[in-house]
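Side chains are part of it too, since the values below use all heavy atoms of this structure and drop only hydrogens, waters and symmetry mates.
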Amino acid sequence: MSDYSSGTAVEDDVEIEFATEPDDAEERNSIGWSDEEVKKKIQELLECVAALRMDQKGKLDRVLKWRRQVEAVPEPRLRNINPLKNPSNVVPPLMQTYHQALSAWINNYFSTSPFFGIRSLKDTDDAHLDATFLTKYLNILGDSASDLNLAPIKRMISDEAALVGRCFVKVVWTRDSWAYKRDGVGDAEDGSTSTETVEMVYHEGPEIVVVCPEEAVFSSQWNSLYDLPMIAHLYRLPRHELEALGARGVFDPEEVATVLGKPTTDLPKDQSILLRDEGVNPSYVDDYYDIAEVWFYHDHDGDGIAEEYVWTIHIDSGCPLRLDFNQLGSRMFENFRWIAHTYDLDGRGVGQALEGLQDEASSIHNIRNDSMRIVNMRMLQMPASVVKANSEELYPGKIWINDSNQVIQPLQLGEVYPSSLEAEDRTWNLAAQATAFSEVQRGFSDQTLKSRDTWRGQELRMGQSQGITTTIADGMRETWNRVTLLIILQ
């Protein structure tokens with residue numbers, strides 16, 4: 001290179017040419033960046049991640065609300081704003097019912113065996129044999145708990161896509177192992193035995209990583225994952241796993257040592273809120289570190305072609321744990337969407353469709369419960385002198401001292417209107433129409449027809465509903481096809 005000066009040393013018949021590096025040359029890492037360039041880029045990436053997380057805060061707050069509603073967990077704060085002591089705070093399982101029905105349907109739709117199917121475009125015996133071999137091999141990986149392990153992956157994708165409307169997955173090559181100590185190896189002269197560390201590898205190959213909405217950071221201005229200038233996967237690593245990744249050389253050992261000297265982080269706010277709502281007080285938190293795996297395009301060498309880099313960064317300290325290229329020529333993310341939005345990467349699930357209906361059902365239900373309680377709680381109307389002469393405690397057979405001429409009269413407040421029950425039933429019917437899941441498809445008889453409902457009528461309506469959901473699910477089938485290609489690329 002032109003930045004280097006050359007020289008020649010001659011000794012006897014051996015001529016040695018060498019290049020000397022100038023004193024002002026920058027030390028560069030394996031990806032060709034100087035330390036100052038890396039530091040500047042990391043600061044830029046972390047600022048971008050922080051800004052995008054603030055942009056997504058409103059959507060993530062709604063996702064947190066959907067997760068509470070789908071678990072039918074009431075909000076404790078509502079008890080503090082109701083003037084009635086110990087008011088009703090029940091969440092009717094409207095969203096829970098439709099979410100579990102849709103999630104189970106999606107999971108069942110993709111629970112075919114064999115799951116993978118490869119077809120050859122060439123009509124030759126060798127091509128068909130290769131396709132058959134690849135099909136069998138992929139299905140072995142998919143069924144194996146130590147490889148792709150598709151069963152829990154499909155359940156997580158079904159749950160997230162049904163609730164939030166989208167679910168990112170990342171297809172990467174990983175190596176999972178378990179290290180333990182074994183003694184009795186090599187007897188010493190003094191009769192003692194030594195120990196050695198044994199590493200048992202139970203997975204090394206492609207892995208599908210589900211990225212929930214709270215962990216994915218990206219700009220909402222794009223409608224293609226491949227056009228995104230940057231996408232980040234935020235996750236947490238416990239101390240022992242971070243140490244192991246540094247010891248195995250997956251992460252830079254020096255940077256890992258620096259990160260381990262930094263303070264650990266608390267549980268995310270949304271996770272803490274859900275735990276408290278379920279009665280768990282997360283007072284003790286293990287040693288966790290917040291990590292950002294950032295995938296971004298950048299033309300560092302100035303040839304006009306932007307390469308994709310994959311940098312793993314500790315968020316709090318900015319330490320670069322791993323700097324690498326994406327060497328596969330394809331972004332390793334895919335997006336499962338239930339009802340896809342046209343102009344962005346989001347989708348619509350039962351969370352967005354039923355959020356308002358769940359609030360309405362909860363309000364009507366709790367108001368009716370409180371009204372029934374007030375109606376059945378008979379109160380007494382009496383002069384002030386009578387109140388002063390008697391204790392306020394009520395019990396059967398109580399004798400009232402009444403020196404005045406006024407009469408103690410029972411008082412009844414409120415009324416329970418039958419229309420409130422009809423309004424709540426109407427909310428459930430609207431939810432069935434919004435999700436295309438009728439009572440019949442959820443395993444119940446038609447509440448509108450009641451005893452007039454017939455088996456053939458149920459079959460007809462179920463077939464129509466199946467046609468709608470099958471058409472929507474075909475979009476997710478296309479996503480599974482692209483995920484299969486990413487697995488083959490690995």
Side-chain angles (χ1 to χ4, degrees), residues 26-53 168-179 197 199 201 203-212 214-218 228-268 285-298 300 307-328 331-333 490:
E26 291 182 317
E27 181 181 355
R28 297 184 175 271
N29 51 33
S30 59
I31 61 173
W33 293 55
S34 67
D35 293 341
E36 188 63 30
E37 290 173 335
V38 170
K39 183 177 180 181
K40 182 179 179 181
K41 190 63 178 179
I42 286 178
Q43 182 180 1
E44 176 186 336
L45 291 174
L46 292 180
E47 289 176 356
C48 185
V49 168
L52 290 175
R53 292 181 74 180
F168 286 166
V169 296
K170 181 178 65 175
V171 183
V172 291
W173 185 278
T174 59
R175 184 176 187 270
D176 297 330
S177 61
W178 179 265
T197 301
E199 184 182 19
V201 179
H203 170 75
E204 184 170 10
E207 180 183 4
I208 301 176
V209 180
V210 178
V211 183
C212 67
E214 292 85 350
E215 297 176 344
V217 178
F218 61 96
L228 280 176
M230 186 209 74
I231 181 172
H233 177 202
L234 309 183
Y235 58 94
R236 312 177 75 227
L237 281 179
R239 172 181 287 270
H240 68 275
E241 190 170 346
L242 184 60
E243 291 175 343
L245 291 173
R248 285 163 39 192
V250 178
F251 289 166
D252 189 334
E254 295 182 359
E255 299 294 343
V256 169
T258 303
V259 173
L260 292 175
K262 303 293 182 180
T264 56
T265 55
D266 296 331
L267 283 175
V285 181
D286 294 322
D287 292 340
Y288 282 98
Y289 297 89
D290 288 332
I291 308 297
E293 185 182 86
V294 187
W295 300 59
F296 64 97
Y297 293 123
H298 183 75
H300 185 261
E307 299 85 10
E308 185 173 32
Y309 293 87
V310 185
W311 288 11
T312 306
I313 307 166
H314 179 235
I315 296 178
D316 295 336
S317 66
C319 292
L321 298 174
R322 182 181 176 89
L323 307 177
D324 203 355
F325 289 103
N326 179 9
Q327 303 180 26
L328 295 179
R331 179 161 277 178
M332 308 311 292
F333 283 86
Q490 295 289 339

Rounded to the nearest 0.5 angstrom, the NZ-OH distance for Lys41 and Tyr309 is 9.5 Å
Looking only at heavy atoms, the pair that brings Arg331 and Pro229 closest together is NH2-O, 4.2 Å
Between Ser177 and Arg248, the two heavy atoms sitting closest are OG-NH1, 3.8 Å
Next on the checklist: Salt bridge check, Arg175 against Glu199: does any charged N sit closer than 4.0 Å to a carboxylate O?
Outcome noted: yes
Rounded to the nearest 0.5 Å, the CG atom of Asp290 sits from the OG1 atom of Thr264 at a distance of 9.5 Å
Original post:
Any side-chain heavy-atom pair from Leu52 and Met230 closer than 4.5 angstrom?
Top reply: yes
| request: Using a 4.5 Å cut-off on heavy atoms from C-beta on, say whether the side chain of Val310 contacts that of Met332. | output: no
>> If you apply the rule side-chain contact (heavy atoms from CB on, under 4.5 Å), what do you find for Tyr297 with Asn326, and how did you get there?
In response: CA-CA 10 Å; Tyr297 293 123; Asn326 179 9; over 6 Å; no
* Asked: Do Asp324 and Trp311 touch side chain to side chain, with heavy atoms closer than 4.5 Å?
  -> no
d(Leu242 CG, Leu321 CG) to nearest 0.5 Å is 6.5 Å
Lys262 side chain to His314 side chain, donor-acceptor N/O pair below 3.5 angstrom | no
For Pro320 and Asp252, the nearest pair of non-hydrogen atoms, with its separation, is O-CB, 4.3 Å
Value for CG (Leu46) from CG (Asp316), rounded to nearest 0.5 Å, stands at 9.5 Å
query: Taking C-beta and beyond as the side chain, do Phe168 and Ile231 meet within less than 4.5 Å on heavy atoms?
result: yes
- prompt: Does some side-chain heavy atom of Trp295 sit less than 4.5 Å from a side-chain heavy atom of Lys170?
  reply: yes
Does the side-chain contact (heavy atoms from CB on, under 4.5 Å) test come out yes or no for Trp173 and Leu328, once each step is laid out?
CA-CA 11 Å; Trp173 185 278; Leu328 295 179; over 6 Å; no
From the list Arg239, Arg236, Glu241, side chain to side chain donor-acceptor pair (under 3.5 Å) partner of Tyr289 resolves to Arg239
Could you please spell out the steps behind the side-chain contact (heavy atoms from CB on, under 4.5 Å) verdict for Val209 and Val172?
-> CA-CA 8 Å; Val209 180; Val172 291; 4.2 Å; yes
Value for CD1 (Ile313) from CD1 (Ile42), rounded to nearest 0.5 Å, stands at 4.5 Å
When every non-hydrogen atom of Cys319 is compared with those of Glu255, the smallest separation belongs to CB-OE1, 3.4 Å
Given side-chain contact (heavy atoms from CB on, under 4.5 Å), test Glu207 with Asp176 step by step and report yes or no.
CA-CA 10 Å; Glu207 180 183 4; Asp176 297 330; 4.2 Å; yes
Test your reading of the model: is there a side-chain donor-acceptor pair from Arg322 to the backbone of Val250, 3.5 Å cut-off? yes
Heavy-atom closest pair (Gly246 atom, Val256 atom, distance to 0.1 Å) is CA-CG2, 3.9 Å
Is the closest side-chain heavy-atom distance between Ile315 and Leu234 below 4.5 Å? yes
Here the gap from Phe296 atom CZ to Glu307 atom CD, rounded to the nearest 0.5 Å, amounts to 10.5 Å
